[in-house]
A.B. asks: 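Here it is, the structure, as structure tokens.
Every value quoted in this text rests on a predicted model; they were computed, and no experiment measured them. For the single chain, residues carry numbers from 1 onward in sequence order.
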Amino acid sequence: MAAVDLIIFGASGDLSARKLFPALFQLERLNLLQKDLRIAAVARTKQTLDEFLPVLKGKMASYMGDDAPSDDEWASFTQRFSYVAVNFSEPDEYGELREWLDDERVSLFYFATPPSLFAPICEHLSTTNCLAGDCRIVVEKPIGENLESSINVNEALSRYFDEKAIYRIDHYLGKETVQNLLVLRFANSFINSQWDNTCIDHVQITVGEMVGIEGRWSYYDKVGQLRDMVQNHLMQLMCLVAMEPPNSLEAESIRDEKVKIVRALRRIDSQSVNEKVVRGQYINGWIRGTAVPGYLDEDGCEMDSSDTETYIAIKAHIDNWRWSGVPFYLRTGKRLPEKVTEIVIQYKSLPHNIFGNGANIPNKLVIRLQPNEGIELSMVSKKQSLKERMSLQSHLLDLDFREGSDLDRIPDAYERLFLDAIQGDQSLFVGREEIEESWRWCDQLIEACKEQQVPALPYQAGAWGPAKAEVLIEKDFRSWHV
Ligand code: BG6
């Protein structure tokens with residue numbers, strides 16, 4: 001494999017300290033980084049490496065707790081580092097970076113910056129001849145805030161990089177359990193053969209968060225939970241659940257199948273939006289015994305009212321052969337009672353019940369992505385009893401992914417994604433078409449909500465969203481899993 005250098009723009013930002021450097025450090029600890037991989041931390045502040053590193057170390061220690069690097073580990077990890085000060089919008093300031101780059105090696109540029117800077121940084125890298133060697137680029141979401149702006153971002157990137165060199169991160173794809181979804185579906189014949197509308201009644205995807213908006217009011221209020229979570233993370237999960245088997249694990253193959261699902265998603269327009277979408281916004285309440293403020297009382301809020309949703313539930317349909325008649329219920333929200341990501345596959349009831357009252361308990365497969373990563377399958381069995389002739393009960397087959405792991409922890413998504421980007425494997429990164437198709441669907445839904453003035457209903461922090469979200473599913477004689 002070619003030698004790789006990693007150049008992180010936005011190295012002194014929050015994402016870098018919270019996720020990127022800790023992930024790189026964990027890879028170093030596991031001996032998974034190439035011996036000669038160099039890291040350039042690029043940020044605006046004019047300072048030396050010796051000034052940059054202690055600040056980074058302090059921030060990492062606060063995020064990593066007991067897992068933080070020891071002094072020896074830190075000394076060896078930071079041997080790889082250089083610090084390069086660049087004002088990103090000033091082409092004259094790229095000279096030092098040009099000096100640092102080595103065109104004999106692969107340059108992996110990581111943009112941990114606001115998306116508005118992607119295009120200017122690419123342009124300045126190009127005009128200052130920093131893209132002369134073999135280059136790749138990694139970009140973070142959001143890629144745009146609607147279809148039009150996502151096309152603009154993608155166009156700007158494609159002016160300088162081939163699609164094969166663009167790595168768009170959706171960190172959910174790097175989660176171990178999300179990858180396990182592929183294995184569950186395509187390496188287990190009994191699951192694969194029962195994966196369609198003949199056996200499955202409906203699918204639920206829940207991404208619940210206990211946190212609020214974490215000091216990001218001005219960003220979040222323009223975006224809301226649909227753009228922040230559904231357009232990317234929930235859409236990716238739905239695609240992995242619903243797609244046809246790809247013919248290989250190559251990026252192209254997987255992306256082709258995913259994009260077909262997004263295209264087959266039934267549009268939600270102003271005729272159907274009231275029946276299919278529930279929006280909510282948290283008011284003050286309690287999470288695990290701690291009082292938390294409402295959305296409009298969060299730090300940074302200077303408004304008396306806002307229509308931004310912090311919760312959304314959607315009933316979606318995929319109009320294709322496999323999923324015809326199988327609703328996908330999606331829900332995600334901030335300040336919910338639990339941090340949980342799970343996919344529930346609810347199987348159909350049996351056509352005829354020979355065991356008597358209450359015995360027709362349909363199977364349910366719960367794929368837990370976080371926490372307690374694993375799979376639970378509810379099965380029906382006979383209660384061991386001589387007194388009761390045929391009393392049935394539901395049992396759980398519980399597979400805990402942490403058992404049998406070669407690590408004593410579940411790796412963070414960024415560890416996998418860094419490894420793959422360094423090795424040039426794009427299969428867990430998102431393709432341009434998927435993003436644009438997903439925006440097309442979300443834009444229409446947003447437009448329909450506006451036209452019909454679908455309100456963001458208040459829900460108390462610590463509750464599972466507004467009561468109407470229960471109605472969304474219960475009117476179909478179904479219920480949310482938790
Ligand atoms: C990010 C969103 O993409 O994902 C955040 O911008 C959200 O608002 C976060 O909190 C959730 O990620 P995770 O990995 O904690 O589920």
Side-chain angles (χ1 to χ4, degrees), residues 1-65 67-88 90 93-113 117 121 124-125 128 130-131 133-140 167 169 411-424:
M1 194 171 74
V4 176
D5 288 334
L6 190 54
I7 304 102
I8 302 189
F9 281 80
S12 41
D14 186 51
L15 178 72
S16 298
R18 215 157 36 90
K19 292 288 183 184
L20 307 188
F21 290 119
L24 286 167
F25 169 70
Q26 294 289 11
L27 295 176
E28 169 91 64
R29 191 179 250 168
L30 292 168
N31 231 350
L32 291 172
L33 288 183
Q34 294 166 326
K35 289 274 165 288
D36 57 351
L37 180 135
R38 300 186 301 159
I39 299 175
V42 183
R44 284 168 193 266
T45 313
K46 305 267 181 261
Q47 61 182 341
T48 63
L49 181 62
D50 288 343
E51 288 165 328
F52 170 76
L53 286 178
V55 179
L56 175 63
K57 189 176 183 211
K59 287 189 195 165
M60 279 172 63
S62 72
Y63 292 123
M64 296 177 75
D67 231 9
S70 67
D71 288 346
D72 285 352
E73 286 174 323
W74 183 249
S76 121
F77 177 49
T78 52
Q79 298 264 310
R80 300 175 179 279
F81 276 61
S82 303
Y83 179 83
V84 187
V86 177
N87 179 344
F88 305 153
E90 285 300 328
E93 295 207 5
Y94 284 67
E96 194 187 333
L97 179 61
R98 177 52 274 182
E99 290 285 293
W100 185 89
L101 294 169
D102 178 347
D103 294 341
E104 300 298 311
R105 302 159 62 93
V106 175
S107 298
L108 182 60
F109 295 100
Y110 196 117
F111 289 5
T113 66
L117 291 173
I121 297 177
H124 302 326
L125 285 172
T128 54
C130 289
L131 303 180
D134 183 359
C135 298
R136 294 177 204 148
I137 181 181
V138 185
V139 286
E140 281 283 339
Y167 291 68
I169 287 207
D412 188 80
Y414 281 91
E415 295 173 46
R416 162 57 52 206
L417 296 173
F418 263 124
L419 267 187
D420 285 5
I422 289 168
Q423 287 164 7

A.B. asks: Is there a donor-acceptor pair closer than 3.5 Å between any side-chain N or O of Gln79 and the backbone N or O of Ser76?
C.D. replies: no
A.B. asks: Donor-acceptor pair, Arg416 side chain versus Pro411 backbone, under 3.5 Å?
C.D. replies: no
A.B. asks: Measure the acute angle between the ring planes of Phe9 and Phe109, then classify it against the limits of 30° and 60° as parallel, tilted or perpendicular.
C.D. replies: tilted
A.B. asks: Tell me whether the rings of Trp74 and Phe81 are parallel (<30°), tilted (30 to 60°) or perpendicular (>60°).
C.D. replies: tilted
A.B. asks: Of all heavy-atom pairs between Ala40 and Val84, which one has the smallest distance, and what is that distance?
C.D. replies: CB-CG2, 4.4 Å
A.B. asks: Can you check side-chain contact (heavy atoms from CB on, under 4.5 Å) on Val138 and Phe418, steps first, answer last?
C.D. replies: CA-CA 9 Å; Val138 185; Phe418 263 124; over 6 Å; no
A.B. asks: Any side-chain to backbone donor/acceptor pair from Lys57 onto Pro69? Under 3.5 Å, distance only.
C.D. replies: no
A.B. asks: Go through Leu117 and Phe111 one step at a time and tell me if the side-chain contact (heavy atoms from CB on, under 4.5 Å) criterion holds.
C.D. replies: CA-CA 9 Å; Leu117 291 173; Phe111 289 5; over 6 Å; no
A.B. asks: Can you tell if the side chain of Leu125 reaches within under 4.5 Å of the side chain of Leu97, non-hydrogen atoms only?
C.D. replies: yes
A.B. asks: Could you walk me through whether Glu140 and Tyr110 pass the side-chain contact (heavy atoms from CB on, under 4.5 Å) check?
C.D. replies: CA-CA 8 Å; Glu140 281 283 339; Tyr110 196 117; 2.7 Å; yes
A.B. asks: Mind checking whether Asp67 and Arg29 have side chains closer than 4.5 Å, heavy atoms only?
C.D. replies: yes
A.B. asks: Would you say the side chain of Tyr414 lies within less than 4.5 Å of the side chain of Ile169, judging by non-hydrogen atoms?
C.D. replies: yes
A.B. asks: Main chain of Asp412, side chain of Glu415: is a donor-acceptor contact present, judged purely on distance under 3.5 Å?
C.D. replies: yes
A.B. asks: Leu101 versus Ile7: any side-chain heavy-atom pair under 4.5 Å?
C.D. replies: yes
A.B. asks: Could you work out, with side-chain hydrogen bond (donor to acceptor under 3.5 Å, both in side chains) as the rule, every residue matching Asp5, not counting sequence neighbours?
C.D. replies: Arg38, Arg105
A.B. asks: Check Leu32, Val106, Leu37 against Ile422 for a side-chain contact (heavy atoms from CB on, under 4.5 Å) and give me the one that passes.
C.D. replies: Leu37
A.B. asks: Identify the two heavy atoms, one from Asp14 and one from Tyr63, that lie closest to each other, and give their separation to 0.1 Å.
C.D. replies: OD1-OH, 3.0 Å
A.B. asks: Can you give me the closest heavy-atom contact between Trp100 and Ser82, atom names plus distance?
C.D. replies: NE1-OG, 2.8 Å
A.B. asks: Heavy atoms only: give me the nearest Phe88-Gly10 pair and the separation to one decimal.
C.D. replies: CZ-N, 3.6 Å
A.B. asks: Taking all non-hydrogen atoms of both residues into account, name the closest pair between Leu15 and Ala112 and its distance.
C.D. replies: CD2-CB, 3.9 Å
A.B. asks: Please assess Phe25 against Glu73 for the test side-chain contact (heavy atoms from CB on, under 4.5 Å), listing each intermediate value before the final yes or no.
C.D. replies: CA-CA 9 Å; Phe25 169 70; Glu73 286 174 323; 3.6 Å; yes
A.B. asks: Mind checking whether Arg80 and Leu6 have side chains closer than 4.5 Å, heavy atoms only?
C.D. replies: no
A.B. asks: Above 12 or not: heavy atoms from other molecules or residues under 6.0 Å from CG of Asp36?
C.D. replies: yes
A.B. asks: At what distance, to the nearest 0.5 angstrom, does CD of Gln26 lie from CD of Glu28?
C.D. replies: 11.0 Å
A.B. asks: Does the side chain of Tyr94 reach to within under 4.5 Å of the side chain of Ile121, using non-hydrogen atoms?
C.D. replies: yes
A.B. asks: Kindly give the heavy-atom pair with the smallest separation between Tyr83 and Ala43, and that separation in Å.
C.D. replies: OH-CB, 3.5 Å
A.B. asks: Is any side-chain heavy atom of Ile8 closer than 4.5 Å to a side-chain heavy atom of Ser16?
C.D. replies: yes
A.B. asks: Looking at Lys46 and Glu93, is any side-chain nitrogen of the basic one under 4.0 Å from a carboxylate oxygen of the acidic one?
C.D. replies: yes
